[in-house]
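To start, the structure under review is shown below, and the notes come after it.
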Amino acid sequence: MSDRLSGISVLVSVVEAGSFALAANRLHLSRSAVGKTIARLEQRLGVRLFHRTTRSLNLTDDGALFYERCLRALEEIRVAENLLESGKRQVSGRLRVSMPVLIGRLCIAPVLTALSREHPGLELDLSFSDRVVDLAEEGFDLAVRNGPLPNSAGLVARRLGDNRMTLCASPEYLARSGVPDSVEELPQHDAIAYRYASMIRSWLIPQADGTTREVMPKPRLLMDDLQAIADAAVAGFGIAWLPCWLIRDALLEGRLQQLLGEVPGKDFEVHAVWPLTPHLPLKVRLAVDALVSHLPARMAL
């Protein structure tokens with residue numbers, strides 16, 4: 001039975017990889033070992049599974065039929081394993097998570113590392129990157145994304161909370177340049193602006209009528225790192241538009257001061273996203289539940 005299952009997993013790997021060589025690389029086997037496994041499988045089944053040429057590798061009709069059934073069988077095995085794992089409520093194995101760099105380091109990673117303390121069998125593999133990863137292609141179980149979600153087929157999303165942005169400046173800067181009393185006065189002030197993908201990000205200020213006003217800052221300093229912008233704001237270089245979770249301590253300690261108190265901060269939704277599967281693995285479910293429970297408090301002012 002173990003030989004049969006081994007042959008099936010090799011067959012699926014060959015089809016997904018598109019070649020014996022790539023499948024061997026992924027399985028950490030030699031190319032000849034993969035070829036021999038497929039040959040034994042074909043001999044046992046009494047059919048040819050692949051059309052092989054020097055340039056291509058394609059399933060025969062019998063091979064395509066067998067491959068589809070093998071996929072179903074492997075998925076049933078995964079579902080059974082997940083159901084048993086859910087019953088035990090003990091999670092194990094590796095969890096690969098992608099997250100934005102700064103909010104990931106300050107807010108998300110502490111929640112997940114705390115979860116790993118509760119489940120010693122859980123292995124965390126955390127990737128910090130501001131780019132949008134392809135979960136299926138790059139092998140991630142879960143990703144946390146900040147801001148509007150693109151239309152992504154094959155993914156499931158769950159809202160984790162809100163990332164609130166606010167205007168702030170140091171008491172030193174405000175004593176020197178004055179405190180703006182309205183949104184209209186903002187362009188007259190020095191700004192520490194955020195540049196992303198070669199573009200200066202405008203400040204989005206909510207209005208009383210529910211619309212959002214876009215203000216283009218006049219940058220005295222232009223940076224592509226939010227932590228550096230926060231540090232420059234504390235040092236008195238101008239007004240900055242920053243997430244509350246990043247500047248909470250500076251505000252509480254008086255090193256920064258919120259501006260336009262009657263104007264609400266701009267909220268961006270934060271979501272967890274993961275590949276759509278018939279049965280959600282326990283490790284992913286527990287991670288999402290932990291983030292839903294604990295992340296909002298870490299992002300709040």
Side-chain angles (χ1 to χ4, degrees), residues 9 12 16 26 71 74-165 226-227 243-246 248-249 267-301:
S9 65
V12 170
E16 292 178 346
R26 293 180 182 180
L71 279 183
L74 291 175
E75 183 57 36
E76 286 297 318
I77 292 172
R78 279 194 290 267
V79 169
E81 289 175 344
N82 288 332
L83 287 172
L84 291 176
E85 189 180 55
S86 299
K88 294 183 293 186
R89 298 298 296 178
Q90 287 297 318
V91 65
S92 61
R94 176 171 296 182
L95 177 69
R96 293 199 71 210
V97 186
S98 171
M99 64 195 75
V101 177
L102 200 52
I103 192 174
R105 179 165 59 84
L106 297 179
C107 299
I108 300 167
V111 175
L112 296 179
T113 52
L115 179 68
S116 72
R117 288 183 183 275
E118 300 174 21
H119 300 275
L122 179 64
E123 302 173 20
L124 289 180
D125 183 351
L126 307 183
S127 175
F128 299 84
S129 174
D130 291 329
R131 69 182 180 87
V132 177
V133 302
D134 186 318
L135 275 74
E137 182 71 22
E138 300 179 50
F140 285 101
D141 302 296
L142 180 68
V144 178
R145 292 179 177 166
N146 184 21
L149 287 178
N151 185 16
S152 301
L155 295 180
V156 181
R158 184 174 177 185
R159 182 173 174 175
L160 301 177
D162 293 318
N163 177 14
R164 170 155 290 193
M165 305 289 293
L226 290 177
Q227 183 63 66
C244 291
W245 51 263
L246 179 60
R248 174 169 46 193
D249 290 344
D267 291 337
F268 292 96
E269 293 183 358
V270 179
H271 290 87
V273 297
W274 61 90
L276 177 63
T277 58
H279 185 80
L280 184 63
L282 178 62
K283 61 185 179 182
V284 176
R285 185 186 316 129
L286 291 182
V288 173
D289 288 345
L291 290 169
V292 169
S293 297
H294 302 294
L295 191 58
R298 287 187 169 272
M299 293 192 298
L301 185 60

If you look at every heavy atom in [X] and [Y], which pair is closest and at what distance?
| X | Y | answer |
| --- | --- | --- |
| Asp130 | Val101 | OD1-N, 3.0 Å |
| Pro296 | Leu160 | CG-O, 3.3 Å |
| Pro110 | Gly104 | CD-O, 4.1 Å |
| Pro100 | Phe128 | O-CD2, 4.3 Å |
| Leu135 | Pro275 | CD2-CD, 3.6 Å |

- Query: Should the heavy atoms of other residues, nucleotides or ligands under 6.0 Å from CZ of Arg159 be counted, would the total exceed 12?
  - Reply: yes

- Task: Sorted by first residue and then second, give each side-chain hydrogen bond (donor to acceptor under 3.5 Å, both in side chains) pair with at least one member in residues 96-111; sequence neighbours left out.
- Result: Arg96-Asp125

- Heavy-atom check, side chain of Leu295 versus side chain of Trp245, under 4.5 Å: no

Point-to-point distance, once rounded to the nearest 0.5 Å, from [atom1] of [X] to [atom2] of [Y]:
| X | Y | atom1 | atom2 | answer |
| --- | --- | --- | --- | --- |
| Glu269 | Asn146 | CD | CG | 10.5 Å |
| Met165 | Cys244 | CE | SG | 8.5 Å |
| Leu276 | Trp274 | CG | CH2 | 10.0 Å |
| Leu126 | Leu112 | CG | CG | 6.0 Å |

- Task: Sort out for me which residue in Ile108, Leu291, Val111 forms a side-chain contact (heavy atoms from CB on, under 4.5 Å) with Arg298.
- Result: Val111

- Message: Let's go through Val284 and Leu95 carefully: what are the C-alpha distance in whole Å and the side-chain angles of both, what is the deciding distance for side-chain contact (heavy atoms from CB on, under 4.5 Å) to 0.1 Å, and is it a yes or a no?
- Response: CA-CA 7 Å; Val284 176; Leu95 177 69; 4.0 Å; yes

- Item | Verdict with supporting geometry, His271 and Leu155, side-chain contact (heavy atoms from CB on, under 4.5 Å) | CA-CA 12 Å; His271 290 87; Leu155 295 180; over 6 Å; no

- Message: side-chain contact (heavy atoms from CB on, under 4.5 Å), that's the test. Do Asp162 and Met299 meet it? Break it down for me.
- Response: CA-CA 7 Å; Asp162 293 318; Met299 293 192 298; 5.7 Å; no

